[in-house]
Amino acid sequence: MKRSAARELAIQLSFAAAAARLDPENLLESFFDQEHYGTLAGEQELCSEYPDETQMDYIRRLTRLTAENRSEIDGFIERYARGWKIERISRTALAVMRCAICEILYMEDIPNAAAINEAVELDKNYDDPDTVAFVNGVLGGFMRGEFPTEEQE
């Protein structure tokens, strides 16, 4: 399983945890139960391969950190989504932005540019082009506002 597939699983799990107000630990445990995960392979290609130990660690860290720091992350989203209340932003776009910002703030092994580029590319699978542009703009604004000395691409 590639990192982008692991990232997409983490985004889906973060979406589910936030939408249904689920405990991320319970969600991770039930989702990655071998029997349950095996049934998903027939439903979506993303689940055709079980994550290896490295990818599982990444998925668990990103899902947990996103849930644990959601309030702070949402504050950044509200700050850089000028004129938008968090409630008006699509839940998929929120999940994508939450995970990208989480990677930037709390996962030092993920390059910031990779977190943003992957987030925007993954969002193209879920949202319309205007929403993808919005996600890109919010994440770009976040980088320029919070890391002004970091070289921007």
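Side chains included, hydrogens not; waters and symmetry mates left out as well; all remaining heavy atoms used.
Between Arg64 and Glu25 there is a salt bridge, since a side-chain N of the basic residue sits under 4.0 Å from a carboxylate O of the acidic one.
In this structure Asn136 satisfies the side-chain hydrogen bond (donor to acceptor under 3.5 Å, both in side chains) test with no other residue, sequence neighbours excluded. Every residue two or more places apart in sequence or in another chain was checked for a side-chain hydrogen bond (donor to acceptor under 3.5 Å, both in side chains) with Glu78, and none qualifies. Checked against side-chain hydrogen bond (donor to acceptor under 3.5 Å, both in side chains), Glu68 has no partners two or more places apart in sequence or in another chain. Legend: residues meeting ring pair (Phe, Tyr, Trp, His ring centres under 6.0 Å) with Tyr126, ordered by chain and number and at least two apart, are absent. For Phe134, the ring pair (Phe, Tyr, Trp, His ring centres under 6.0 Å) partners are Trp84, not counting sequence neighbours. Residues satisfying the ring pair (Phe, Tyr, Trp, His ring centres under 6.0 Å) criterion with Phe31, sequence neighbours excluded, are His36, Tyr37.
Considering CD1 of Ile104 and CG of Asn112, their distance stands at 5.0 Å, rounded to 0.5 Å. In this structure, Ile116 CD1 and Leu139 CG are separated by 5.5 Å, a value rounded to the nearest 0.5 Å. The CD atom of Glu8 lies 11.5 Å from the CD atom of Glu121; values are rounded to the nearest 0.5 Å. We find the CG-CG distance between Leu22 and Leu13 to be 10.0 Å, quoted to the nearest 0.5 Å. Once rounded to the nearest 0.5 Å, the distance linking CG of Leu62 with OH of Tyr106 reads 12.0 Å. Here the straight-line distance linking atom OG of Ser48 with atom CD of Glu45 works out to 5.5 Å at 0.5 Å rounding.
Residues Glu146 and Tyr80 form a side-chain contact, since some pair of their non-hydrogen atoms from C-beta on lies under 4.5 Å apart. The side-chain heavy atoms of Asn69 and Ile101, taken from C-beta on, include no pair separated by under 4.5 Å. When side chains are defined from C-beta on, Thr63 counts as touching Ile59, because their heavy atoms get closer than 4.5 Å. Considering only heavy atoms from C-beta on, Leu9 comes within 4.5 Å of Cys47 through its side chain. The shortest side-chain heavy-atom distance between Arg61 and Asp109 falls under the 4.5 Å cut-off. Put simply, the side chain of Ile73 does not reach to within 4.5 Å of the side chain of Met97, judged on heavy atoms.
Closest of all the heavy-atom pairs between Leu28 and Arg60 is CB-NH1, 3.7 Å. Residue Arg88 comes nearest to Gly83 through the heavy atom pair NH1-O, 3.9 Å, listed as atom of the first residue, atom of the second, then distance. Of all the heavy atoms in Thr131 and Ala93, the pair that sits closest is CG2-CB, 3.8 Å. Here the closest heavy-atom approach between residue Arg21 and residue Arg70 is recorded as NH1-NH2, 4.5 Å. Scanning both residues, Ile86 and Ile77, for their nearest heavy atoms gives CD1-CG2, 3.8 Å. Phe32 approaches Pro51 most closely through the heavy-atom pair CE2-CG, 3.7 Å.
The environment of Arg79 atom CZ is dense: over 12 non-hydrogen atoms of other residues, nucleotides or ligands sit within 6.0 angstrom. Annotation: Glu29, atom CD; neighbour count of heavy atoms from other residues, nucleotides and ligands within 6.0 Å does not exceed 12.
Looking at Ser30 and Asp33, their side chains never bring a donor and an acceptor atom within 3.5 Å of each other. At a cut-off of 3.5 Å, with distance as the only test, a side-chain donor of Arg7 or Tyr58 sits close to an acceptor on the other residue.
Within the 3.5 Å criterion, the main-chain N or O of Ile11 finds no donor-acceptor partner in the side chain of Ser14.
Cluster membership check: Leu94 does not share its hydrophobic cluster with Phe15, using side-chain heavy-atom separations under 4.5 Å among Ile, Leu, Val, Met, Phe, Trp and Tyr. Phe142 and Leu65 end up in the same hydrophobic cluster when Ile, Leu, Val, Met, Phe, Trp and Tyr side chains are linked at under 4.5 Å.
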